[in-house]
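Chain identifiers are assigned alphabetically (A, B, ...) following the order of the sequence lines, protein sequences preceding nucleic acid strands; residue numbering begins at 1 within each chain.
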Amino acid sequence: ILNVEQSPQSLHVQEGDSTNFTCSFPSSNFYALHWYRWETAKSPEALFVMTLNGDEKKKGRISATLNTKEGYSYLYIKGSQPEDSATYLCAQEGTSYGKLTFGQGTILTVHP
Amino acid sequence: GAVVSQHPSWVICKSGTSVKIECRSLDFQATTMFWYRQFPKQSLMLMATSNEGSKATYEQGVEKDKFLINHASLTLSTLTVTSAHPEDSSFYICSARRPGMNTEAFFGQGTRLTVV
């Protein structure tokens with residue numbers, strides 16, 4: 001994998017459904033993996049910054065896992081709510097401080 | 001409240017003119033800020049790293065004479081798109097990070113530039 005790739009590109013779910021997205025990244029030159037939530041007309045907001053292989057982080061109904069050896073991270077949302085509708089971005093941080101390489105994002109729409 | 005403030009949020013300019021976009025770090029001093037660009041249906045692409053008191057570092061393929069970056073203080077970085085052309089129409093967004101390890105990026109609101 002040469003680039004950061006996210007799947008699916010978009011997702012429509014019903015309120016209450018649980019969902020997950022995938023972020024694939026080059027496993028070489030890895031320092032950290034970031035997840036951001038980007039609502040329309042707002043600034044992207046950080047969800048997680050993960051560095052350790054096997055790491056799992058949780059914030060309310062949202063959680064993420066990291067596998068640095070195989071180069072992927074999963075983001076899970078439990079019991080989706082309409083306010084979870086947003087674009088979810090992942091970004092790999094390499095060894096050059098602060099430089100983030102972003103995926104194209106997953107657009108989540110949660111229908112009431 | 002916002003940690004990073006970016007202005008303007010949108011601008012329309014005539015081809016050949018220059019446009020300045022400001023990015024301010026409101027909560028902390030940022031020795032480094034980052035400028036990204038996003039074309040439709042593409043990912044955020046890093047254009048340059050803005051360094052306070054020194055020259056910006058540009059990514060491959062980004063023209064430094066066209067995209068002038070000034071980081072004169074620890075809280076302000078500006079991006080000037082010089083002699084703008086329609087192909088420069090895009091979404092530009094800045095970010096800053098607090099000093100330290102494993103820190104998140106704080107983003108501005110972004111600027112939608114349309115060159116006519």
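Residue with the most contacts toward chain B among A32(A), P44(A), A91(A): P44(A) (heavy-atom pairs, distance under 4.5 Å). With respect to chain A, the highest number of heavy-atom pairs below 4.5 Å among G110(B), G108(B), S95(B) belongs to G108(B).
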Candidate pair F30(A) and F25(A), rule ring-ring contact (aromatic ring centres under 6.0 Å, His included), full reasoning: CA-CA 9 Å; F30(A) 174 87; F25(A) 55 87; 5.1 Å; yes
Determine whether T75(B) and Q29(B) satisfy the following criterion, side-chain hydrogen bond (donor to acceptor under 3.5 Å, both in side chains), listing intermediate values before the conclusion. CA-CA 6 Å; T75(B) 58; Q29(B) 295 181 329; over 6 Å; no
CA sep, side-chain torsions, deciding dist, call: Y76(A), N20(A), side-chain hydrogen bond (donor to acceptor under 3.5 Å, both in side chains): CA-CA 4 Å; Y76(A) 301 91; N20(A) 64 85; 5.9 Å; no
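In this structure, no portion of L47(A) lies under 4.5 Å from any heavy atom of chain B. Heavy atoms of Y36(B) lying under 4.5 Å from chain A belong exclusively to its side chain. Using a 4.5 Å cut-off between heavy atoms, L44(B) contacts chain A through both its backbone and its side chain. Contacts between F48(A) and chain B at a heavy-atom distance below 4.5 Å are absent for every atom of the residue. For E59(B), the part sitting under 4.5 Å from any heavy atom of chain A is the side chain, from C-beta outward, and nothing else.
Between K20(B) and E22(B), no side-chain nitrogen of the basic residue sits less than 4.0 Å from a carboxylate oxygen of the acidic one, so the salt-bridge criterion is not met.
Each of I69(B), N70(B), L113(B) was evaluated against L79(B); a single residue qualifies, I69(B), per the side-chain contact (heavy atoms from CB on, under 4.5 Å) test.
Annotation: F91(B) is not in aromatic contact with F39(B) [ring centroid separation under 6.0 Å not met].
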